[in-house]
Amino acid sequence: MARVGVLLLNLGGPERIEDVGPFLYNLFSDPEIIRLPTPVLQKPLAWLISTLRSGKSKEAYRSIGGGSPLRRITEQQARELQSRLRQEGVDATSYVAMRYWHPFTESAVGDIKADGVEEVVVLPLYPHFSISTSGSSFRELQRLRQADPAFRRLPIRCIRSWYDHPGYINAMAGLIAREVRASDTPDAAHIFFSAHGVPKSYVEEAGDPYQQEIQACAALVMKRLEELLGHANPSTLAYQSRVGPVEWLKPYTEDALRELGEQGVKELVVVPISFVSEHIETLEEIDIEYREIATEAGITHFRRVPALDTDPTFIQGLADLVHEAMAGPEVNLDMAAQLPKKVKLYPQDKWAWGWNNSSEVWNGRLAMVGFSAFLLELLTGQGPLHALGLL
Ligand SMILES: C=CC1=C(C)c2cc3[nH]c(cc4nc(cc5[nH]c(cc1n2)c(C)c5CCC(=O)O)C(CCC(=O)O)=C4C)c(C)c3C=C
Ligand SMILES: [Fe+2]
């Protein structure tokens with residue numbers, strides 16, 4: 001029997017307040033998170049944004065106990081999945097590969113090689129594919145594989161996304177049904193799906209299938225929920241956690257909550273749909289910020305469905321996904337990271353004269369170069385502005 005390594009991909013989170021700044025720097029250094037047409041500016045911009053954001057982020061992490069529970073929960077999921085697979089006769093060991101904090105992807109790959117694993121199943125702990133999440137981790141793995149002949153030799157089967165997998169849909173519907181039954185008005189409780197957002201351009205320009213997978217998933221969960229409850233509840237899908245000035249997927253969670261309040265909705269069952277573990281965006285953003293907005297909007301009952309964490313139906317669903325992947329063909333990282341549409345990531349790169357997309361991009365680039373030079377001068381204390389006595 002082959003020794004199988006199940007590599008679980010996740011984002012990672014700061015474990016202590018001191019980790020918040022470096023964690024944010026790692027996150028914003030990723031070109032899949034901030035898609036800049038000029039890569040040379042990625043690191044200065046990451047430094048700037050992480051510095052500006054870290055106060056707000058630290059406050060949020062403080063309010064949930066001083067750090068993210070994501071590593072602890074992901075490691076628990078990994079242990080339970082491993083024991084489930086071993087009970088089912090697979091010689092499996094699971095490994096956790098975080099994208100922006102410990103344990104990093106590189107260290108998980110090192111452990112896989114040291115343990116003599118013979119084949120790898122890559123399972124992102126994101127049910128829905130996005131360029132910014134699974135896509136980014138697949139690319140990181142691709143870089144590590146290209147640089148390492150020993151890793152390259154291992155057969156690999158990547159699971160791209162699993163938003164429609166029966167184990168996951170059943171587990172989600174089961175948890176929601178519990179909250180609906182416990183509500184004051186089970187027939188009328190409004191099911192509110194809150195998914196992590198992404199910038200609109202990811203979907204419309206770069207061809208990210210994320211929105212389509214989220215919509216399809218919410219529809220499947222609602223169908224299963226109706227079967228479990230014996231009645232259809234009203235539902236809404238909205239997107240949370242917007243960062244920065246650009247437009248993200250709409251409706252935004254805060255706006256949708258206010259609108260439901262205006263419509264007279266009183267009882268809400270909030271479902272964190274794109275997350276499979278509790279973390280800052282469930283424990284702080286939903287439980288504290290959005291609860292407050294809903295209450296102000298006149299929603300009197302706000303119940304939040306817990307994240308799946310180590311729910312047994314969910315862990316069994318993950319084990320089934322691994323079995324299905326092992327029974328299928330190899331799926332390499334290129335195939336897993338592929339986008340459905342053949343699109344240009346930066347359509348504005350195409351040159352054209354006049355006041356248009358391309359000239360706006362070049363203005364933006366020149367402004368960024370000027371801004372970086374200014375930043376450099378501030379840091380080094382040397383440059384033309386100092387020479388002119390302006391700094
Ligand atoms: C489906 C899940 C996620 C998507 C899609 C996603 C996209 C995305 N996120 C940011 C910016 C931030 N994300 C942060 C933390 C964070 N995000 C996810 C999940 C998705 N992100 C997780 C699991 C976590 C870790 C949470 C934890 O408990 O530590 C943060 C840091 C927290 C904060 O300051 O708000 C940022 C910033 C962008 C820009 C983006 C898409 C482009
Ligand atoms: Fe995020």
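Just follow the structure's listing: the first ligand is 1, and inside any ligand the first atom is 1. Just so we're clear, the structure is a prediction, and the values are computed from it rather than from any experiment. The analysis underlying the following values was restricted to heavy atoms, covering all of them including side chains, and did not include hydrogens, waters or symmetry mates. Positions are given from 1 along the sequence.
- Just one of Ser134, Ser137, Ser136 meets the side-chain hydrogen bond (donor to acceptor under 3.5 Å, both in side chains) condition when paired with Arg99; it is Ser136.
- In terms of modelled atom types and a separation under 3.5 Å, the side chain of Glu262 and the main chain of Ala297 share no donor-acceptor contact.
- Residue, atom and distance of the protein heavy atom nearest to atom 12 (C) of ligand 1 are Leu27 CD2, 3.8 Å.
- Here is the list of ligand 1 atoms found below 4.0 Å of a heavy atom in Val198: 5 (C).
- The residue Ala195 has no part lying near ligand 1, judged by heavy-atom distances below 4.0 Å.
- Atom 25 (C) of ligand 1 has as its closest protein heavy atom Leu11 CD2, 3.4 Å.
- A donor-acceptor contact shorter than 3.5 Å links the side chain of Arg152 to the backbone of Gln146.
- Judged by distance alone, with hydrogens and angles left aside, the side-chain atoms of Ser29 form a donor-acceptor pair with the main-chain N or O of Tyr25 at under 3.5 Å.
- For the salt bridge (charged side-chain N to carboxylate O under 4.0 Å, His left out) criterion with Glu75, the lone passing option out of Arg79, Arg71, Arg72 is Arg71.
- With a heavy-atom cut-off of 4.0 Å, Ile34 does not touch ligand 1 at all.
- The atoms of ligand 1 that sit less than 4.0 Å from any heavy atom of Ser68 are 27 (C), 28 (O), 29 (O).
- Looking at Ile73, Thr133, Ile280, Val246, it is Thr133 that brings a heavy atom closest to atom 5 (C) of ligand 1.
- Ring planes of Phe23 and Tyr100: perpendicular class, angle over 60° (limits at 30 and 60°).
- Under a 4.0 Å criterion applied to the non-hydrogen atoms of Ser132, ligand 1 contributes the atoms 5 (C), 7 (C), 41 (C), 42 (C).
- Close approach of ligand 1 to Phe23 is summarised as follows: ligand atoms under 4.0 Å from at least one heavy atom of the residue are 31 (C).
- Residue contacts with ligand 1 include Phe28, since one of its heavy atoms falls under 4.0 Å from the ligand.
- Using a 4.0 Å cut-off to heavy atoms of Tyr202, the atoms of ligand 1 that qualify are 42 (C).
- Of the possible donor and acceptor atoms, one in the side chain of Asn233 sits under 3.5 Å from a partner among the backbone N and O of Pro186.
- Within ligand 1, the atoms closer than 4.0 Å to a non-hydrogen atom of Gly13 are 29 (O), numbered from 1 in the order shown.
- One hydrophobic cluster, built from ILVMFWY side chains closer than 4.5 Å, cannot hold both Phe151 and Val331; they sit in different ones.
- When only modelled atom types and interatomic distance are considered, Asp115 and Tyr95 share a side-chain donor-acceptor pair under 3.5 Å.
- Here the heavy atom of the protein found nearest to atom 10 (C) of ligand 1 is His196 CE1, 4.1 Å.
- Atom numbering of ligand 1 starts at 1 in the shown order; those under 4.0 Å from a heavy atom of Pro14 are 29 (O).
- Residue Gly12 places a heavy atom under 4.0 Å from ligand 1.
- Within the 3.5 Å criterion, the main-chain N or O of Arg258 finds no donor-acceptor partner in the side chain of Glu296.
- Nearest to atom 34 (O) of ligand 1 among the protein's heavy atoms is Ser57 OG, 2.4 Å.
- Two different hydrophobic clusters hold Leu318 and Ile73 under the rule that ILVMFWY side chains link at heavy-atom gaps under 4.5 Å.
- Counting only heavy atoms of the protein, atom 32 (C) of ligand 1 lies nearest to Tyr61 OH, 3.6 Å.
- Atom numbering of ligand 1 starts at 1 in the shown order; those under 4.0 Å from a heavy atom of Trp248 are 38 (C), 39 (C), 40 (C), 41 (C).
- A donor-acceptor pair shorter than 3.5 Å can be found between the side chains of Glu88 and His323.
- Contacts with ligand 1 closer than 4.0 Å are made by side-chain heavy atoms of Glu281 only, the backbone lying farther away.
- More than 12 heavy atoms of other shown residues, nucleotides or ligands fall within 6.0 angstrom of atom CD in Glu330.
- For ligand 1, the polar-atom distance check against Asn10 finds no nitrogen or oxygen pair separated by under 3.5 Å.
- Distances under 2.8 Å from the Fe ion (ligand 2) pick out the protein N/O/S atoms His196 NE2.
- Contact annotation: for Ser274 versus ligand 1, heavy atoms closer than 4.0 Å belong to both the backbone and the side chain.
- Checked by atom type, the side-chain pair Gln240/Ser194 shows a donor-acceptor distance below 3.5 Å.
- Both the backbone and the side chain of Ile33 come within 4.0 Å of ligand 1, counting heavy atoms alone.
- The part of Arg53 lying near ligand 1 is the side chain, judged by heavy-atom distances below 4.0 Å.
- The two atoms that bring Asp309 and Ser277 nearest to each other are OD1-CA, 3.1 Å, heavy atoms only.
- For the pair Arg160 and Phe129, the cation sits on the ring face: its NZ or CZ lies under 6.0 Å from the ring centre, inside 45° of the axis.
- With Asn170 as the partner, the side chain to side chain contact (heavy atoms under 4.5 Å, CB included) test is satisfied by one option alone out of Thr313, Leu228, Val221, Leu175: Thr313.
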